[in-house]
Amino acid sequence: MSTDVELVAVTKRYGATLAVDSVSLRIPGGAYCCLLGPSGCGKTSTLRMIAGHEEVSDGDVLLGGANVTTLPPARRRTAMMFQSYALFPHLDCVDNVAFSLKMRGIAKSERRARAREMLTRVQMDGFAARLPAQLSGGQQQRVALARALITDPTVLLLDEPLSALDPFLRTRMRDELKRLQKRLGITFIHVTHSQEEAMALADLVVVMDHGRIVQAAGPREVFNRPATRFVARFIGGHCVLPAKNGGRDLLVAGAVRAAAPAGLRDRADDVVHVAIRADRLRLGAADGQGLAGVVAGIEYLGTAVHVGVELDALDPITVVMTEQQFDAAELAVGRAVRVAWDPADMHVVGD
């Protein structure tokens with residue numbers, strides 16, 4: 001049965017340090033939620049408070065509608081998979097997976113049978129007799145996942161589970177996690193600092209900064225309509241520019257005019273910021289329309305070409321082009337260009 005997770009004004013203090021600042025969030029049962037943000041943003045502290053491994057300074061944690069704020073981890077029906085995997089080096093895979101059942105007093109034959117069944121579920125039954133040192137990083141991760149799942153949790157908590165893997169294995173294990181979550185139908189809450197990982201896995205992306213949630217939405221919403229300058233820059237793939245609000249129109253970076261959104265028409269003279277997806281920007285000749293700039297760098301990445309552009313009196317930006325667009329534009333480092341975009345691709349973001 002899937003379980004909703006709800007945080008109500010949850011706060012965590014470590015002495016004078018405020019790590020999590022009155023966070024409120026509802027994660028629907030059966031969702032794959034990623035807590036995303038830079039180091040020190042509060043995402044791991046939030047995860048550990050849900051698990052019961054950290055005490056809540058203020059606020060409440062609800063699982064399935066029940067207040068579990070003061071309950072110990074063993075009574076929450078959650079399981080946590082740690083970044084280090086924390087496998088016992090002297091135990092084989094079966095006994096590692098069965099360890100929590102041993103602590104509950106379950107008979108040896110039953111717990112080992114259930115452990116083997118769980119290893120089969122994560123495609124590790126052929127390695128049951130091996131010690132952790134005899135496994136690859138990806139295999140150790142599967143064993144750790146089986147150990148977390150054997151307690152039949154309603155919520156699985158994952159702390160940076162893919163960070164120790166090489167890029168190829170990370171992609172494979174990402175796919176396996178998503179498939180497993182859909183098959184089990186339980187709520188997954190996954191901490192990561194990888195924007196790509198969150199976008200690929202999550203039904204709900206929760207972006208955190210300085211202990212607060214700055215946006216919580218589906219991955220496409222977060223990418224296409226970032227709520228703030230921080231989100232646009234942290235998620236990546238966006239150009240963020242200042243704009244002067246004239247009431248009826250916006251003057252972007254002092255050079256490009258576009259109609260102001262309805263919500264800004266009573267706020268004339270405000271300075272706002274707009275975000276434009278980097279793959280929606282266009283590079284044209286220096287005598288054309290748009291912002292004046294100079295090509296500062298070119299990165300060929302196979303499926304795309306990233307062109308760095310230095311703008312007059314503004315932060316540098318990156319324009320993402322297809323290989324065909326790049327070839328047609330005949331760009332080179334040092335060439336003067338104009339950066340343009342369709343006004344419909346411009347999105348006003350908050351501070």
Side-chain angles (χ1 to χ4, degrees), residues 1-8 10-14 19-20 23 25-33 35 42-119 121-122 132 140-161 177 180-181 184-191:
M1 184 179 70
S2 59
T3 296
D4 293 357
V5 178
E6 188 170 1
L7 307 179
V8 183
V10 168
T11 296
K12 179 62 186 177
R13 299 183 189 89
Y14 299 98
V20 179
V23 161
L25 173 70
R26 182 181 174 277
I27 302 168
Y32 200 126
C33 171
L35 303 181
K43 57 189 186 295
T44 297
S45 293
T46 300
L47 189 79
R48 290 177 63 84
M49 285 189 288
I50 296 170
H53 296 305
E54 290 284 358
E55 211 174 282
V56 175
S57 301
D58 288 301
D60 294 295
V61 177
L62 282 68
L63 300 180
N67 193 323
V68 300
T69 309
T70 60
L71 291 184
R75 293 182 57 195
R76 296 193 181 201
R77 297 264 340 252
T78 64
M80 191 152 178
M81 181 174 162
F82 297 96
Q83 183 177 2
S84 64
Y85 307 147
L87 299 176
F88 297 109
H90 62 290
L91 298 181
D92 65 19
C93 292
V94 172
D95 285 334
N96 259 292
V97 174
F99 185 78
S100 61
L101 301 184
K102 181 181 180 180
M103 292 296 98
R104 296 182 181 187
I106 294 174
K108 184 175 182 178
S109 59
E110 181 184 347
R111 69 176 183 256
R112 286 180 65 85
R114 286 173 60 180
R116 287 182 181 278
E117 180 185 337
M118 193 58 64
L119 286 169
R121 188 178 294 189
V122 297
Q140 289 182 38
Q141 184 189 58
R142 292 186 199 178
V143 175
L145 188 59
R147 185 180 60 184
L149 292 171
I150 200 168
T151 59
D152 193 27
T154 58
V155 180
L156 181 63
L157 308 167
L158 305 103
D159 184 12
E160 302 261 17
L177 274 178
L180 182 65
Q181 190 266 338
L184 294 172
I186 67 174
T187 308
F188 275 36
I189 306 176
H190 175 138
V191 160

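- Residues Thr154 and Leu63 have side chains not in contact (no heavy-atom distance under 4.5 Å, counting atoms from C-beta outward).
- Within the 4.5 Å cutoff, no side-chain heavy atoms of Leu184 are placed close to those of Leu156.
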Distance-only donor-acceptor hits, side chain of residues 110-119, under 3.5 Å, sequence neighbours excluded:
residue: Arg111; atom: NH1; partner: Ile106; partner atom: O; Å: 2.9
residue: Arg112; atom: NH1; partner: Asp95; partner atom: OD1; Å: 2.6
residue: Arg112; atom: NH1; partner: Asp95; partner atom: OD2; Å: 3.4
residue: Arg114; atom: NH2; partner: Ile150; partner atom: O; Å: 3.4

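- Of all the heavy atoms in Thr78 and Pro153, the pair that sits closest is C-CB, 3.9 Å.
- For Glu160, the side-chain hydrogen bond (donor to acceptor under 3.5 Å, both in side chains) partners are His193, not counting sequence neighbours.
- Note that OH of Tyr32 is 12.0 Å distant from OG1 of Thr187, once rounded to the nearest 0.5 Å.
- Counting heavy atoms from C-beta on, the side chains of Ile186 and Leu149 come closer than 4.5 Å.
- Judged purely by atom type and a 3.5 angstrom limit, Glu6 has no side-chain atom pairing as donor or acceptor with the backbone of Val61.
- Taking Asp58 as the reference, Arg13 meet the side-chain hydrogen bond (donor to acceptor under 3.5 Å, both in side chains) condition, with sequence neighbours excluded.
- A side-chain donor-acceptor contact under 3.5 Å links Gln181 to the backbone of Gly30.
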Exercise for the section: Kindly indicate, with the supporting measurements, whether the criterion side chain to side chain contact (heavy atoms under 4.5 Å, CB included) is fulfilled by Thr46 and Glu54. Expected result: CA-CA 9 Å; Thr46 300; Glu54 290 284 358; over 6 Å; no
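- Contact record, Phe188 with Leu177: CE2-O, 4.1 Å, taken as the closest heavy-atom pair.
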Practice task
For the pair Asp4 and Arg26, evaluate side chain to side chain contact (heavy atoms under 4.5 Å, CB included) and give the outcome as yes or no after the intermediate values.
Solution key: CA-CA 7 Å; Asp4 293 357; Arg26 182 181 174 277; 2.6 Å; yes
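- Distance check: Leu62 CG to Leu7 CG gives 8.5 Å after rounding to the nearest 0.5 Å.
- Ala86 is linked by a side chain to side chain contact (heavy atoms under 4.5 Å, CB included) to Ser84, Arg147, counting only residues two or more places apart in sequence or in another chain.
- The shortest heavy-atom contact between Ala51 and Leu157 is CB-CD1, 3.3 Å.
- No donor-acceptor pair under 3.5 Å is formed between the side chain of Thr3 and the backbone N or O of Gly29.
- Pairs passing the side-chain hydrogen bond (donor to acceptor under 3.5 Å, both in side chains) check and including a residue from residues 98-109, sequence neighbours excluded, do not occur.
- Note: Leu158 CG to Leu35 CG = 10.5 Å, rounded to the nearest 0.5 Å.
- Considering every non-hydrogen atom in both Val122 and Arg142, the closest pair reads O-CD, 3.2 Å.
- Every residue two or more places apart in sequence or in another chain was checked for a ring pair (Phe, Tyr, Trp, His ring centres under 6.0 Å) with Tyr14, and none qualifies.
- Residues Val10 and Thr69 form no side-chain contact, since every pair of their non-hydrogen atoms from C-beta on lies 4.5 Å or further apart.
- When every heavy atom of Leu47 is checked against every heavy atom of Met80, the shortest pair comes out as CD2-CE, 3.5 Å.
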Exercise for the section: Would you please test Met49 and Val20 for side chain to side chain contact (heavy atoms under 4.5 Å, CB included) and show each step? Expected result: CA-CA 10 Å; Met49 285 189 288; Val20 179; 3.8 Å; yes
